[in-house]
Amino acid sequence: MSGREHAGAAFGGSRVLSEDARKLYLQAVNENGRLSRSACPVTSVPALDELLKLGLLIPDSDEPGALLAVDPAQLAGSLSSTWQRQALDLLSRAVSLPGDLSELAEAFHAPDTTGGAIEYIHGKARINQRLQQSAAAGVTEGLSMQPGGPRPAEMLTSFLARDLEILRHGASMRTIYNASTRYHQATRDYVAKLTEEGWQFRTLDEPYARLIIVDRKLAVIPVVDDDLAAFIHDPAIVSFLIEEVFERSWNRALEFDGDRSVPQQVVSRLRQTIIDLMLAGTNHRVIARRLGISERTLARHIAELREEYHVDSLFQLGYALGRSTRPELG
């Protein structure tokens, strides 16, 4: 029998023996306290194993293949004492565990001494784990710049409860998204719910790098794409990133509360980017991915551009766009 089954029985969980094992033990008792292994059907093997592991049946030293029944009352007293000692030992180990591992925990959380005030973390999973550890004590202020397109709807849903909890503990949070997120319904819903609780969002329609700042003490920036990140603890560098990178970007960004309406400034800049990419011969699917919008949203913008330029086909639109951007000859 497993330790888990023993524990369950000791604390009022499942019974110590299965019904089949009970029946097999009673069979041995009815046969003068003896049971022959060879006489047990194959279906009784699991029940036989239970009885042997618990100690209710033991091998007969005088007759190979025979098993003897043990007094349950005597066995219960012995096992009860043993299990109580084991339970006390486990409890003692559980109480001392945090202290025993504290030195290792300090080494794990300490900044990389080879990097001084900069700690390099490889791999997205470890980066996310490190961020969660940094926020575990409770965030009071969070600043972030999140480039790229919208996150998957299921990811935003999984983040929502955690982020609402952060706000309800009194944290001040500001996030900059790419302007394309305004066209993503799941992002709009996520932003609307968090905005109601005090989280501030803005969008920026120009290229920028990822940046996360926790409590003005830690800054996280990508080093090689998103697979290597630098965790910066130096106060001077963190202050520089706040004032010269985040705040400047925040001041240029436009407020975003999850509303469906998109500012005309955002629409104009997005369409100009679409025009530039189309004139460069970029595939529609690539354009949509690069801008972080769906192909359906891209198709709607192109349809509105055709209407604006009074043309019926993509070929005519390309021609009209080319003429409109061609410099006039003197």
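Separating the CG atom in Leu57 from the CG atom in Leu48 is a distance of 6.5 Å, to the nearest 0.5 Å. Thr297 OG1 to Ile302 CD1: the interatomic distance, rounded to the nearest 0.5 Å, is 11.0 Å. Going from atom CE of Met278 over to atom CG of Asp276 covers 11.0 Å, rounded to the nearest 0.5 Å. Note that the CD atom of Glu50 and the OH atom of Tyr25 stand 14.5 Å from one another [nearest 0.5 Å]. Note: Leu56 CG to Leu17 CG = 6.0 Å, rounded to the nearest 0.5 Å. Note that the NZ atom of Lys193 and the CG atom of Leu164 stand 8.5 Å from one another [nearest 0.5 Å].
A donor-acceptor pair under 3.5 Å is absent between the side-chain atoms of Ser80 and the main chain of Gly77, judged by distance alone. In this structure a side-chain-to-backbone donor-acceptor pair under 3.5 Å is present from Asp234 to Ala236. At least one donor-acceptor pair under 3.5 Å links the side chain of Tyr208 to the backbone N or O of Gln146. Of the possible donor and acceptor atoms, none in the side chain of Ser92 sits under 3.5 Å from a partner among the backbone N and O of Leu88. Under a 3.5 Å cut-off, the side chain of Thr282 and the backbone N or O of Leu277 do form a donor-acceptor pair. Between the side chain of His184 and the backbone N or O of Ser180 there is no donor-acceptor pair closer than 3.5 Å. Side-chain atoms of Arg188 come within 3.5 Å of backbone N or O of Arg182 as a donor-acceptor pair.
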- Test side chain to side chain contact (heavy atoms under 4.5 Å, CB included) on Thr175 and Gln200 and set out the steps. CA-CA 6 Å; Thr175 297; Gln200 298 180 64; over 6 Å; no
- Task: List the steps, then state whether side chain to side chain contact (heavy atoms under 4.5 Å, CB included) holds for Leu143 with Trp250.
- Result: CA-CA 10 Å; Leu143 310 174; Trp250 182 261; over 6 Å; no
- List the steps and the verdict of salt bridge (charged side-chain N to carboxylate O under 4.0 Å, His left out) for Glu244 and Arg248. CA-CA 6 Å; Glu244 298 301 322; Arg248 286 178 180 270; 2.8 Å; yes
- Please lay out, stage by stage, how Ser268 and Gln264 fare under the test side chain to side chain donor-acceptor pair (under 3.5 Å). CA-CA 6 Å; Ser268 299; Gln264 186 56 43; 3.2 Å; yes
- Task: Might you work through the side chain to side chain contact (heavy atoms under 4.5 Å, CB included) test for Thr187 and Arg151, ending with a clear yes or no?
- Result: CA-CA 7 Å; Thr187 302; Arg151 276 80 179 147; 5.8 Å; no
- Item | Test side chain to side chain contact (heavy atoms under 4.5 Å, CB included) applied to Leu298 and Arg285, step by step | CA-CA 9 Å; Leu298 175 62; Arg285 181 172 297 178; over 6 Å; no
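For Glu196, there are no side chain to side chain contact (heavy atoms under 4.5 Å, CB included) partners two or more places apart in sequence or in a different chain. Under the side-chain hydrogen bond (donor to acceptor under 3.5 Å, both in side chains) criterion, Ser78 pairs with no residue, sequence neighbours left out. Applying the side chain to side chain contact (heavy atoms under 4.5 Å, CB included) criterion to Thr195, with sequence neighbours excluded, gives Val191, Phe201, Asp257.
Heavy-atom minimum distance, Ala219 versus Ile213: CB-CG1, 4.1 Å. Nearest heavy atom pair, residue Leu75 against residue Leu54, reads CD2-O, 3.6 Å. When all heavy atoms of Ala230 and Ile118 are compared, the pair lying nearest together is CB-CG2, 3.9 Å. Closest approach of Ala171 to Val139, counting heavy atoms only: CB-O, 3.2 Å. Closest non-hydrogen pair, Thr203 versus Ala179, comes out as CB-CA, 3.7 Å. When all heavy atoms of Ile127 and Phe231 are compared, the pair lying nearest together is O-CZ, 3.8 Å.
Within a 6.0 Å sphere centred on CD of Glu141, other residues, nucleotides and ligands contribute more than 12 heavy atoms.
Hydrophobic clustering of Ile, Leu, Val, Met, Phe, Trp and Tyr side chains at less than 4.5 Å, counting indirect connections, keeps Leu90 apart from Trp83. Residues Leu228 and Ile232 fall within the same hydrophobic cluster, defined by Ile, Leu, Val, Met, Phe, Trp and Tyr side chains chained together at heavy-atom separations under 4.5 Å. Each of Leu26 and Val45 belongs to its own hydrophobic cluster when Ile, Leu, Val, Met, Phe, Trp and Tyr are linked at side-chain heavy-atom distances under 4.5 angstrom.
Screening residues 265-305 for ring-ring contact (aromatic ring centres under 6.0 Å, His included), with sequence neighbours left out, gives Tyr183-His301. Sequence neighbours left out, not one pair with a member in residues 81-96 passes salt bridge (Lys or Arg N to Asp or Glu O under 4.0 Å). Counting only residues at least two apart or in different chains, salt bridge (Lys or Arg N to Asp or Glu O under 4.0 Å) contacts with residues 203-213 comprise Asp205-Arg269, Glu206-Arg252, Arg210-Asp226.
Remark: Arg174 is not positioned above the aromatic ring of Trp199, lacking an NZ or CZ atom under 6.0 angstrom from the ring centre and at most 45 degrees off the axis. Cation-pi geometry between Arg162 and Phe159 is satisfied (NZ or CZ under 6.0 Å from the ring centre, within 45° of the ring normal).
Checked by atom type, the side-chain pair Ser18/Asp20 shows no donor-acceptor distance below 3.5 Å. Asn251 and Glu247 share no donor-acceptor pair across their side chains, judged by distance under 3.5 Å alone. When only modelled atom types and interatomic distance are considered, Gln132 and Asn128 share no side-chain donor-acceptor pair under 3.5 Å. Tyr190 and Asp163 form a side-chain donor-acceptor contact under 3.5 Å, judged by distance and modelled atom types alone.
Side-chain contact between Val266 and Pro263 is present, with heavy atoms from C-beta onward closer than 4.5 Å. Taking 4.5 Å as the limit, some side-chain heavy atom of Val245 sits within range of a side-chain heavy atom of Met145. In this structure the side chain of Asn178 never reaches within 4.5 angstrom of the side chain of Pro147, judged on heavy atoms.
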